[in-house]
Amino acid sequence: MFYRVEIENFFSIRHRQVLDLRVPASVPQGTNRLVPCGLGSDERAPKVVVVFGSNGSGKSTLLRALSFVCWFIHGSFALPQGVRLPHQPFNSRVSAAAPTRIAIQFSGPDLSDAGGQQTQGECPYRYEVVLGNWEDAQVLRETIVYWPRATGRKTRLVERHGNGKTKAGRAFGIAGYMSPLEKILRSNASIISTLAELRHPLALMIRDAARAVNTTVSLDGAEIGPSDVTRAYVEHPELIGALNRVIAAVGVGVRSVELQDTGAGPQLAFRHEGLRQPVSCAFEGRGALRLARLFPLIHDTLRNGNVAFIDGLDFSMHPKMLAYIVDWFRDPRRNPRLVQLWMTCHNATLLEALSKDEIVLCDRNLFGESSIFGLNDMKSVRRDDNYYKKYLAGVYGGIPRVG
């Protein structure tokens, strides 16, 4: 679970934006919408984070930044030497020469002082990466700090600089890895993904946690295609049965979904009541097709992951079906692992099913600069407000300027 994010100079985000999802201690405890930020933590954050805003306001940029940093942690070692990292600074002359910075705060195992052995409970971690742009398109700084429960003090685990110099705290246990690390650490790769290749225990733990994040956001701009979706059902045939149970509950006009062999390979087909033959993906309605395309990611996240980033979950979905799917992440039976959902949304009717803690807004000024803020950041917002009505009235911002 991510509960604090900082982004600076990343695509439409120019100035430092801080999104802190931790809720005040005064918020009532008895709700499935809020969970502890970690095992033994007194702080809580929402399991569902819904990002609203007009077109081009920065909603997708927020999810892209989170998806990028997770990929950088677990996958950047596979990037060839000299290949530019898939990010861009804000589109201005000044920003082009300034660094990009992303930081995330999450919970991880509490560590004793004896070589990184785990103790009971969890504590806050903060990962930060600073990237150069243009000629300095490389890692300038990468740090992981944490706050052990025993002391509550900010403690360095590992710090890496652009010149390759690395420092680590005792709990990180890096002494035996320094020599091989210096040989293979590249300027466009994360120290975590690099140390994971060397089988460093804590690096493996952090890498695997980042790898367990599922996202629909492609860093190269490519979208999930029908062949990718079909492959998921072919490789995991149990998904068909699970999807059909959902279809029976949401009423999308489809009786069942099946895999058919078309001669050119398997393909999803949709059976409708009263129709003689099943309908192929090419002619199926967008709502059922959208559900079928997203279901493998959602199903896998709830069973095996820790966070899902879904850009435009509401596309082509009826509001009731949208609210039903979002509620899966609140349901302790469907979501026993306390998986977190981050999603962007234009369908304002969902606001009627959300709490103040679950709502994030993006806005963009006349200079093209995005701002990000939670509804909790606005002190005048009450918990019994009509969020739907006030949002459309422009009270909170994040709506298009029409006329």
Side-chain angles (χ1 to χ4, degrees), residues 1-2 5-7 10 63-88 99-109 111 115-116 118 125-133 136-146 156-169 171-220 222 300-301 304-309:
M1 171 179 286
F2 299 144
V5 181
E6 297 179 35
I7 308 170
F10 184 86
L63 296 195
R64 181 185 288 268
L66 292 168
S67 300
F68 170 83
V69 78
C70 291
W71 165 82
F72 182 70
I73 290 170
H74 77 76
S76 57
F77 183 80
L79 203 65
Q81 174 69 35
V83 175
R84 185 181 176 86
L85 291 166
H87 81 282
Q88 294 289 338
T100 291
R101 188 175 68 87
I102 305 174
I104 54 175
Q105 198 156 313
F106 54 96
S107 289
L111 305 174
Q118 297 183 21
Y125 281 66
R126 174 188 168 89
Y127 174 86
E128 179 178 2
V129 61
V130 181
L131 304 168
N133 291 298
D136 296 320
Q138 59 182 356
V139 179
L140 302 180
R141 189 174 73 253
E142 185 180 8
T143 59
I144 301 179
V145 298
Y146 78 130
R156 180 179 63 192
L157 279 174
V158 65
E159 182 175 4
R160 169 264 189 103
H161 293 273
N163 58 8
K165 186 176 180 181
T166 301
K167 296 180 181 179
F172 198 70
I174 201 176
Y177 298 85
M178 287 300 295
S179 180
L181 177 65
E182 291 173 355
K183 295 178 182 178
I184 65 173
L185 183 60
R186 302 192 312 272
S187 61
N188 63 345
S190 163
I191 191 172
I192 298 301
S193 65
T194 305
L195 281 170
E197 293 294 318
L198 299 174
R199 314 309 295 173
H200 182 277
L202 278 179
L204 284 169
M205 179 200 74
I206 296 170
R207 183 201 67 179
D208 291 345
R211 184 180 283 172
V213 171
N214 284 327
T215 179
T216 65
V217 180
S218 172
L219 300 180
D220 61 7
D300 179 69
T301 303
N304 307 306
N306 51 33
V307 182
F309 301 132

Should the pair Phe10 and His87 be assigned to parallel (<30°), tilted (30 to 60°) or perpendicular (>60°) ring geometry? parallel

Which word best sums up how the rings of Phe2 and Phe309 line up, parallel for under 30°, tilted for 30 to 60°, or perpendicular for over 60°?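 Ring orientation of Phe2 relative to Phe309: parallel.
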
How long is the span from the [atom1] atom in [X] to the [atom2] atom in [Y], to the nearest 0.5 Å?
{"X": "Thr194", "Y": "Lys183", "atom1": "OG1", "atom2": "NZ", "result": "15.0 Å"}
{"X": "Arg141", "Y": "Glu159", "atom1": "CZ", "atom2": "CD", "result": "7.0 Å"}
{"X": "Phe68", "Y": "Gln88", "atom1": "CZ", "atom2": "CD", "result": "10.5 Å"}
{"X": "Asp300", "Y": "Asn214", "atom1": "CG", "atom2": "CG", "result": "5.0 Å"}
{"X": "Arg156", "Y": "Ile144", "atom1": "CZ", "atom2": "CD1", "result": "12.5 Å"}

Output, in order, the C-alpha distance, side-chain angles, deciding distance and verdict of side chain to side chain contact (heavy atoms under 4.5 Å, CB included) for Arg126 and Glu6. CA-CA 10 Å; Arg126 174 188 168 89; Glu6 297 179 35; 2.8 Å; yes

Any side-chain heavy-atom pair of [X] and [Y] under 4.5 Å:
{"X": "Ile184", "Y": "Leu198", "result": "yes"}
{"X": "Phe72", "Y": "Val139", "result": "yes"}
{"X": "Val307", "Y": "Thr301", "result": "no"}
{"X": "Arg160", "Y": "Leu185", "result": "yes"}
{"X": "Leu202", "Y": "Leu111", "result": "yes"}
{"X": "Arg84", "Y": "Asn133", "result": "yes"}

Stepwise side chain to side chain contact (heavy atoms under 4.5 Å, CB included) check, Trp71 with Leu79: CA-CA 11 Å; Trp71 165 82; Leu79 203 65; 4.1 Å; yes

For [X] and [Y], indicate whether the former's side chain and the latter's backbone hold a donor-acceptor pair under 3.5 Å.
{"X": "Ser76", "Y": "Ser190", "result": "yes"}
{"X": "Tyr125", "Y": "Pro109", "result": "yes"}
{"X": "Glu142", "Y": "Ile191", "result": "yes"}
{"X": "His161", "Y": "Lys167", "result": "no"}

I would like to know whether Leu195 and Phe172 meet side chain to side chain contact (heavy atoms under 4.5 Å, CB included); could you show each step before the answer? CA-CA 11 Å; Leu195 281 170; Phe172 198 70; 3.6 Å; yes

Would you please test Thr215 and Leu63 for side chain to side chain contact (heavy atoms under 4.5 Å, CB included) and show each step? CA-CA 9 Å; Thr215 179; Leu63 296 195; 5.9 Å; no

